There are 2 protein chains.
Amino acid sequence: MPPAEHVSDPPATAGSPFDGLSLEHSSTVERVADELRRAVFEGELESGTPLREVALAESLGVSRPTLREALALLVAEGLATREPHRGVSVAIPDPESVRDVSTVRAVLETAGVRNWPHATEEARAAVRRALGDYEAAVAAGATYQELNQRHLAIHLGLVGLTGSPRLVSMAESVVAELRLVLAQIDRVRRNARDQAGSHHHLLDLLESGDIDTAVDELGHHLHGAEDALIERLDLD
Amino acid sequence: MPPAEHVSDPPATAGSPFDGLSLEHSSTVERVADELRRAVFEGELESGTPLREVALAESLGVSRPTLREALALLVAEGLATREPHRGVSVAIPDPESVRDVSTVRAVLETAGVRNWPHATEEARAAVRRALGDYEAAVAAGATYQELNQRHLAIHLGLVGLTGSPRLVSMAESVVAELRLVLAQIDRVRRNARDQAGSHHHLLDLLESGDIDTAVDELGHHLHGAEDALIERLDLD
DNA sequence: TCGCAAAGATTGTCAGACAATCTGACAATC
DNA sequence: GATTGTCAGATTGTCTGACAATCTTTGCGA
């Protein structure tokens, strides 16, 4: 939820003596939420698993109110669902929500791509960097989780082209839901397709200024991803 | 926050004997959050007002943990901000955030308008109804608050044309921020311009199938609103 | 007047408790 | 045999009270 804390880097070469200082958010509830997210994204918690308050609180060494706040965060992010007097459980992705998430991605990312000519150079550089990192990870044979994460980072970068913090924040939210879906799908067979080619093509189109074709390409890419996800989801 | 509860109506004529059953959500924290939102939207709480936990809890007759959960909701919605060890206070709208909210609105509402031809008839009817309600309120000389609310309902209806619950939910979030801004601006002089003409024109364009012109019209409308808001915000 | 230490206020977190509600099993009734 | 009523256990929703950490303000001395 913290919408991209750092913003203004120190003036390039200056190199303030304080660089690796982030002082982990001391908020206990944030740390608990992070741990829960991690567990969800890594597939340690299966969809539908009830998150019992007392057990979890004790297991994590925090009090129940603190854990409840963390759970509320997870619920707000769509990673878990709460039913009155029945507690919170890990969200169970259904085809309908996958379709909706894809719709949202299409709207947000298309807006970013269309804004490529007017985006800041920094935002454009971020997209190039994300693509480079992804390709490097592919070449290095990274884990499927890292590939998924870097892949999604590219798409977040596209939304970043809008220059709108709120749109990026919204994109982060749906991407989190997507990571949940991916984690569940890949719980057993953990494979992440190499999609570097498609993204590279998209970036080439943008660099050459052919925005309309880029939008089409993005649409196809997202549609394909949506179909693939739903198909695999239906197998369970 | 409840993202459109009802979804599947009973099969048309079937009509289960239980129709008007909604049994208000009894959750205390929800009721507290509702009350706080109301107070913010009605301008009873000025921007920057610190929301002291003990005082508020006592004043509302709830315990501090319960109030804290409600505050967390407000913060998540962007209606309030939390600073570590300094507590929660009513968000203070700055020009930058107004600009960002306008950007988000433009993206979401444009997506809806572009989808007009493919939207469900129900979604289209909702837009017509919202516009009708707004015009009726104008004619009846309703309060500025009701006018604002009905006006924003039209724009929510536009986003509804996408058929995406998540996009609508996101739109609701930014609209809430906008209501906060409006409440603060109109705290003293409470005037809401009559904008029925512009919206009617937009709907006419949609009905006639001239989507591109409608998108342009929407862009102008939003841009004008953004400028007007920022101008008035700077006066304070 | 300015800087600094002590006091007060406020938040972050915890522990324990109780009522309301859900779940499931079993008995009672039609 | 199926529906309904009842009960025990488990879990959540909420409250009370408390304590340490931190922020803000007051007051004092240079």
Side-chain angles (χ1 to χ4, degrees), chain A residues 1-2 5 21-37 39 45-77 79-92, chain B residues 1-2 5 16-18 21-37 39-40 45-77 79-92:
Chain A
M1 186 103 316
E5 200 57 32
L21 53 0
S22 65
L23 191 66
E24 50 169 321
H25 16 186
S26 56
S27 167
T28 304
V29 45
E30 265 304 330
R31 258 173 299 150
V32 170
D34 281 344
E35 176 64 8
L36 291 178
R37 289 194 203 95
L45 271 47
E46 196 171 0
S47 280
T49 303
L51 303 175
R52 295 284 134 74
E53 300 185 354
V54 281
L56 260 183
E58 187 172 352
S59 169
L60 292 172
V62 300
S63 75
R64 202 153 75 89
T66 301
L67 181 89
R68 274 178 69 89
E69 279 195 46
L71 288 182
L73 284 180
L74 274 276
V75 170
E77 293 167 20
L79 266 50
T81 58
R82 142 165 288 142
E83 293 182 277
H85 291 282
R86 213 174 298 184
V88 175
S89 39
V90 181
I92 53 181
Chain B
M1 185 101 315
E5 199 57 32
S16 109
F18 322 109
L21 45 7
S22 65
L23 193 64
E24 55 168 314
H25 40 151
S26 57
S27 167
T28 304
V29 47
E30 264 304 330
R31 259 173 299 150
V32 170
D34 281 343
E35 175 65 7
L36 290 178
R37 288 194 203 96
V40 167
L45 270 46
E46 196 172 359
S47 280
T49 304
L51 303 174
R52 295 281 133 74
E53 299 185 353
V54 281
L56 260 183
E58 187 173 352
S59 169
L60 292 172
V62 301
S63 74
R64 201 154 76 90
T66 301
L67 180 90
R68 275 178 68 89
E69 279 194 45
L71 287 183
L73 285 179
L74 273 276
V75 170
E77 293 167 19
L79 266 50
T81 59
R82 143 166 286 143
E83 293 181 277
H85 292 284
R86 214 175 295 187
V88 175
S89 38
V90 180
I92 53 182

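Keep in mind that this is a model prediction, so the values were computed, not measured.
- For the segment residues 57-64 of chain A, the set of residues with a heavy atom within less than 4.0 Å of an atom of DNA chain D comprises Arg64(A), in numerical order.
- At least one side-chain heavy atom of Leu60(A) sits less than 4.5 Å from a side-chain heavy atom of Leu67(A).
- Looking at every heavy atom in both residues, Ser89(B) comes nearest to Gly48(B) through CB-O, 3.7 Å.
- No more than 12 heavy atoms of other residues, nucleotides or ligands sit less than 6.0 Å from atom CD1 of Ile92(A).
- Remark on DNA chain C: of its neighbouring residues Pro65(A) and Glu53(B), the 5'-side contact belongs to Glu53(B), judged by nearest-heavy-atom nucleotide.
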Go ahead and write out DNA chain C as dot-bracket, 5' to 3': ( ) for pairs within the strand, [ ] for ones crossing earlier pairs, | when the partner sits on another strand, dots for unpaired; Watson-Crick or G-U wobble, both distances under 3.5 Å.
||||||||||||||||||||||||||||||

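- First and last contacting nucleotides of DNA chain D toward chain B (any atom under 4.0 angstrom from a heavy atom, 5' to 3' order): dT14(D) to dT24(D).
- Backbone-only engagement by Arg52(A) is indicated by non-hydrogen atom pairs under 4.0 Å involving sugar-phosphate atoms exclusively.
- Nucleic acid contact for Pro50(A): none, since no nucleic acid atom lies under 4.0 Å from a heavy atom of the residue.
- Listed by chain and number, the residues in a side-chain contact (heavy atoms from CB on, under 4.5 Å) with Val29(B) are Ser27(B), Thr66(B), Glu69(B), Ala70(B), Leu73(B) (sequence neighbours excluded).
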Side-chain donor-acceptor contacts of residues 51-58 of chain A below 3.5 Å, not counting sequence neighbours, with atom names and distances?
from: Glu53(A); atom 1: OE1; to: Arg64(A); atom 2: NH1; distance (Å): 2.7
from: Glu53(A); atom 1: OE2; to: Arg68(A); atom 2: NH1; distance (Å): 3.0

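- For the segment residues 83-91 of chain B, residues with any heavy atom less than 4.0 angstrom from an atom of DNA chain C are, sorted by number, His85(B), Gly87(B).
- Residues Ala91(A) and Ser47(A) come closest through the heavy atom pair O-OG, 3.2 Å.
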